[in-house]
Amino acid sequence: MHVMSWIAPTALFLEILLLLYVAMIDIATRLIRNEICLVLALLGSASQFASPMQVTESLIAATILLLLLIVIYQRGWIGGGDVKLLVALAIGLPLMGVIQLLTITALAGGVLALVHLMMRLLPYPKLAPAGSSLVRRVYAIERWRNLRHAPLPYGVAIACGGIWTVFSQGL
């Protein structure tokens with residue numbers, strides 16, 4: 001059994017790396033790829049590999065979450081990529097972990113919304129010339145998106161909730 005003891009920590013570490021990647025890609029493109037969600041779901045299952053009962057509980061919680069999120073998605077309150085990402089993260093979490101994921105995600109989403117509201121008060125940036133810093137380019141693009149009332153990159157908030165929950169699950 002000693003050989004298998006590395007699976008859960010490795011899966012959790014890879015989840016964190018993927019969530020950081022998801023946050024960056026969501027800022028850049030506002031898209032969350034299906035393949036990433038599939039890998040996150042598989043990693044979540046692998047992190048619970050030693051306990052089939054926990055995997056079963058996790059799948060039940062993820063299914064309930066999916067049904068609730070489909071209703072929210074149909075009302076236009078959340079994007080499809082966000083639904084996929086939340087459900088993928090719920091796989092491998094116990095019920096209390098799913099509740100923690102949703103709570104931290106909601107808090108991070110509130111902070112994200114405040115940042116975007118505050119951006120409306122900032123001056124309109126000039127185009128970032130070639131060679132500009134990453135921060136300046138991201139600011140210029142996000143400010144432009146903000147002026148056009150583009151959706152929030154809520155994958156960032158979900159990634160924050162996921163990372164927090166993964167750390168609290170025992171990485």
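Since we're looking at a predicted model, the values are computed, not measured.
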Could you tell me whether the side chain of E57 and the main chain of L95 form a donor-acceptor pair under 3.5 Å? yes

Can you tell me how far apart [atom1] ([X]) and [atom2] ([Y]) are? Round to the nearest 0.5 Å.
X	Y	atom1	atom2	value
F13	F167	CZ	CZ	9.0 Å
L86	L40	CG	CG	11.0 Å
T105	W164	OG1	CH2	12.0 Å
T165	I158	OG1	CD1	11.5 Å
R143	H116	CZ	NE2	11.0 Å
Q100	T103	CD	OG1	7.5 Å

Least distance between heavy atoms, [X] atom then [Y] atom:
X	Y	result
V98	A90	CG2-CB, 3.9 Å
K84	I32	NZ-O, 3.0 Å
I163	L19	N-CD1, 3.7 Å
P153	R30	CD-NH2, 3.5 Å

Are more than 12 heavy atoms from other residues, nucleotides or ligands located less than 6.0 Å from atom CE of M96? no

Taking atom CZ as the centre, does R33 end up with more than 12 heavy-atom neighbours from other residues, nucleotides or ligands that are less than 6.0 angstrom away? no

Flag yes if I141 and Y139 sit in one hydrophobic cluster, no otherwise; membership is Ile, Leu, Val, Met, Phe, Trp, Tyr, and two members link when side-chain heavy atoms are under 4.5 Å apart. no

Stepwise side-chain contact (heavy atoms from CB on, under 4.5 Å) check, V39 with L43: CA-CA 6 Å; V39 171; L43 288 171; 3.9 Å; yes

Any side-chain heavy atom of L85 sitting closer than 4.5 Å to one from L89? yes

List, one per line, each side-chain donor-acceptor pair under 3.5 Å for residues 62-81, sequence neighbours excluded.
residue: T63; atom: OG1; partner: L59; partner atom: O; Å: 2.7

